[in-house]
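For reference, the structure is listed below as structure tokens.
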Amino acid sequence: MVGSIEAKSYLTNGSVQLQHNGLNLEEKLDEFRRLLGKSDKDPLKIVSIGAGAWGSVFAALLQESYGGFRDKFQIRIWRRSGRAVSRATAEHLFEVINSREDILRRLIRRCAYLKYVEARLGDRTLYADEILKDGFCLNMVDTPLCPLKVVTNLQEAVWDADIVVNGLPSTETRQVFEEISMYWKERITVPVIISLSKGIETALEPVPHIITPTKMIHQATGVPIENVLYLGGPNIAAEIYNKEYANARICGAEKWRKPLAKFLRQPHFIVWDNSDLVTHEVMGGLKNVYAIGAGMVAALTNESATSKSVYFAHCTSEMIFITHLLAEEPEKLAGPLLADTYVTLLKGRNAWYGQMLAKGEINRDMGDSISGKGMIQGVSAVGAFYQLLSQSSLSIMHPEEKKPVAPVESCPILKTLYKILITREQSTQAILQALRDETLNDPRDRIEIAQSHAFYRPSLLDQP
């Protein structure tokens, strides 16, 4: 990798550790432990809450990097117990295991192979928490991970954690962290929380505003907002675990984002830090909204590059328009933010969901939690953003009609997705009609309107 120095050094036990930019892993770990005030015999304790694809991969990356330093580092992952693995998934999992000699040998050494044989034959039922211990995420069985320490008791998982990683869907974040707050009443130290969640809630009282996952966590637990950060970037979980080069940004207060960026950085996974928590977190939710539409367009036009480019121009202009309402000086949709949007529209569960809906291979009655994919977070985000931007109290002046209109009237794609996914009054074909702008306005016009007016509404983030 350009700009980095990688070398191997040998520990006294003969194991190999990687040096990155002059610091070996143990030195990085020790540096971060000192920042947290950890004593020599007190390991750094990290817990990942939620076992979706990204949450599981994030935990596995840390386990592979620092898990060898058992006296100094511990990581565990929490997921609910009782989720049965279907017979079809068990059969596919068995095929994956037998196609990978390294995985097969690992399971045999751990005396864990026989249960997969029995599940393949239908003689026993596997459970999601059970297979996760062996490195199989239910939403990503084609990409085996390293073995993980799995905890199904939430109190046991979080009560003494130094760092909590939120890998839950935004729709579950508030409820779970309200429960977590009950277990932290006697805590003396304040944990650091890293949220991977993308999505928002809308609240209408006392004034219309959005609540992002970091805000939900802050409200539910009372943990100071400077201790709650967001991490996101242009990446696909399975590809990151397979060591494809990727990058991400950790956003929040300087006190924690800079040392965390250094601690999380790996040769193939570069983490930068950024102060603009609002724009990155809102964009994290918006990209999932528009990824569903991108999947529909791809399926309905037989992957037409022209149609997809027209859609990209319109959806990015709507995203910029919306972020200018929410942030006074939002980070430009360029660089990593644009790349994150691009990869989500190109490949990801939300784009897949849009494609499958348009092809008729799934239907809206199946809900937004799909077996083998997990929660399709873009669906709830469509409803939340539409509800917020349709409020008459937020009206803006229409540039041509010269009358006040709700902001959503300037977002035809968002309006159409709402009618397809939420009210179900239109079919997926309607997304193509939304691209045919009868006003003949250049998408840039929408951007210029947002940038040239006093659009910023602090109340939308529940700020005075």
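Remember, predicted model here, so these are calculated numbers, not experimental data. Just the heavy atoms: all of them, side chains too, but no hydrogens, waters or symmetry mates, feed the values below.
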Spacing of [X] atom [atom1] and [Y] atom [atom2] [to the nearest 0.5 Å]:
| X | Y | atom1 | atom2 | value |
| --- | --- | --- | --- | --- |
| Ile180 | Trp159 | CD1 | CH2 | 15.0 Å |
| Thr189 | Leu36 | OG1 | CG | 9.0 Å |
| Arg34 | Leu44 | CZ | CG | 13.0 Å |
| Ile108 | Leu114 | CD1 | CG | 10.5 Å |
| Arg249 | Asp273 | CZ | CG | 9.5 Å |
| Leu148 | Ser48 | CG | OG | 9.0 Å |

Where at least one partner belongs to [range], residue pairs that pass salt bridge (Lys or Arg N to Asp or Glu O under 4.0 Å), sequence neighbours excluded:
| range | value |
| --- | --- |
| residues 377-389 | none |
| residues 44-53 | Asp42-Lys45 |
| residues 352-373 | Asp365-Arg424 |
| residues 196-214 | Arg174-Glu201 |

Could you check whether any side-chain heavy atom of [X] comes within less than 4.5 Å of a side-chain heavy atom of [Y], counting everything from C-beta outward?
| X | Y | result |
| --- | --- | --- |
| Ile225 | Ile217 | no |
| Leu104 | Arg100 | no |
| Trp256 | Leu35 | yes |
| Met296 | Ile420 | yes |

Would you please name every residue forming a side-chain hydrogen bond (donor to acceptor under 3.5 Å, both in side chains) with [X], sequence neighbours left out?
| X | result |
| --- | --- |
| Thr173 | Asn166 |
| Ser65 | Gln266 |
| Lys133 | none |
| Lys149 | none |

_One thing to verify: whether Asp160 and Arg76 come together as a salt bridge, which I'm taking to mean a side-chain N less than 4.0 angstrom from a carboxylate O._
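Result for this pair is yes, salt bridge flagged.
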Under the rule for ring pair (Phe, Tyr, Trp, His ring centres under 6.0 Å), what residues qualify as partners of [X], not counting sequence neighbours?
| X | answer |
| --- | --- |
| Tyr241 | none |
| Phe73 | Tyr66 |
| Tyr116 | Phe136 |

Look at atom [atom1] of [X] and say whether more than 12 heavy atoms of other residues, nucleotides or ligands are closer to it than 6.0 Å.
| X | atom1 | value |
| --- | --- | --- |
| Glu425 | CD | yes |
| Tyr342 | OH | no |
| Asn363 | CG | yes |
| Asp123 | CG | yes |
| Arg110 | CZ | yes |
| Gln175 | CD | no |
| Lys243 | NZ | yes |

*For the pair Val150 and Trp78, evaluate side-chain contact (heavy atoms from CB on, under 4.5 Å) and give the outcome as yes or no after the intermediate values.*
CA-CA 6 Å; Val150 180; Trp78 172 84; over 6 Å; no
*Would Leu277 and Thr212 satisfy side-chain contact (heavy atoms from CB on, under 4.5 Å), going step by step from the backbone distance to the final call?*
CA-CA 10 Å; Leu277 175 64; Thr212 61; over 6 Å; no
Can a donor-acceptor pair be found, under 3.5 Å and without considering hydrogens, that links the side chain of [X] to the backbone of [Y]?
| X | Y | result |
| --- | --- | --- |
| Trp184 | Val158 | yes |
| Glu318 | Leu414 | yes |
| Arg106 | Asp134 | yes |
| Asn242 | Glu244 | no |
| Ser170 | Ser197 | no |
| Arg265 | Val271 | yes |
| His218 | Val223 | yes |
| Lys415 | Val408 | no |
| Glu281 | Thr214 | yes |
| Asn247 | Ile270 | no |

*For Tyr113 and Asn98, run side-chain hydrogen bond (donor to acceptor under 3.5 Å, both in side chains): C-alpha distance rounded to whole Å, both residues' side-chain angles, the deciding distance at 0.1 Å, then the answer.*
CA-CA 10 Å; Tyr113 180 65; Asn98 286 295; 2.9 Å; yes
Which atom of [X] lies closest to which atom of [Y], heavy atoms considered:
| X | Y | value |
| --- | --- | --- |
| Leu145 | Val57 | CD2-CG2, 4.0 Å |
| Val85 | Tyr127 | CG2-C, 3.8 Å |
| Ala161 | Arg187 | O-NH1, 2.9 Å |
| Thr341 | Phe312 | CG2-CE1, 4.5 Å |
| Leu126 | Ala90 | CD1-CB, 4.4 Å |
| Lys72 | Arg33 | O-NH1, 3.1 Å |

*Start with the C-alpha distance between Met375 and Glu172, add both sets of side-chain angles, then the distance that settles side-chain contact (heavy atoms from CB on, under 4.5 Å), and finish with yes or no.*
CA-CA 10 Å; Met375 182 65 69; Glu172 297 179 21; 4.2 Å; yes
*After noting the C-alpha distance and the side-chain angles of Gln429 and Leu300, does the key distance pass the side-chain contact (heavy atoms from CB on, under 4.5 Å) rule?*
CA-CA 7 Å; Gln429 286 282 344; Leu300 293 170; 3.5 Å; yes
*Intermediate values then yes/no, salt bridge (Lys or Arg N to Asp or Glu O under 4.0 Å), Arg79 and Asp129*: CA-CA 7 Å; Arg79 73 155 296 138; Asp129 57 295; 5.4 Å; no
Would you list the atom pairs, donor with acceptor, under 3.5 Å between side chains in residues 378-387 and any protein atom, with sequence neighbours excluded?
unit_1, atom_1, unit_2, atom_2, d
Ser380, OG, Gln377, O, 3.2

